[in-house]
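A short worksheet on the structure shown next.
Computed from a predicted structure; not experimentally measured.
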Amino acid sequence: MNTFLDILFLADIVAIAVMMHIFRRCIASDSEKRRLKRREMYRQRAYAEVYRRRLKSDNRDALWKAVNR
């Protein structure tokens with residue numbers, strides 16, 4: 001009976017370790033998803049600013065071309 005209980009206890013410990021490992025991987029995956037979402041949000045803001053400046057510059061150049069004709 002002692003051997004059976006020892007094996008059962010060892011199986012429980014292994015199962016708990018496996019579940020903790022799976023839980024840790026799920027948390028890391030969620031963290032990575034949040035990080036990528038946040039990174040994409042800031043990237044869109046930065047690209048919008050670059051596009052706005054380029055559009056302003058292009059409009060300014062077109063205006064100068066029209067004025068200098």
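For Tyr42, the side-chain contact (heavy atoms from CB on, under 4.5 Å) criterion is met by Arg38, Arg45, not counting sequence neighbours.
Note: Leu63 CG to Asn68 CG = 9.5 Å, rounded to the nearest 0.5 Å. Interatomic distance, Arg24 CZ to Ser29 OG, rounded to the nearest 0.5 Å: 12.5 Å. Separating the CG atom in Asp12 from the CG atom in Leu5 is a distance of 10.5 Å, to the nearest 0.5 Å.
Classification of Arg43 and Glu40 as a salt-bridged pair holds, one side-chain N sitting under 4.0 Å from a carboxylate O.
At most 12 heavy atoms of other shown residues, nucleotides or ligands fall within 6.0 angstrom of atom CZ in Arg39. Within a 6.0 Å radius of CE in Met20, other residues, nucleotides and ligands contribute 12 heavy atoms or fewer.
Sorted by first and then second residue, the pairs that involve residues 50-61 and meet side-chain hydrogen bond (donor to acceptor under 3.5 Å, both in side chains), not counting sequence neighbours, are Glu49-Arg52.
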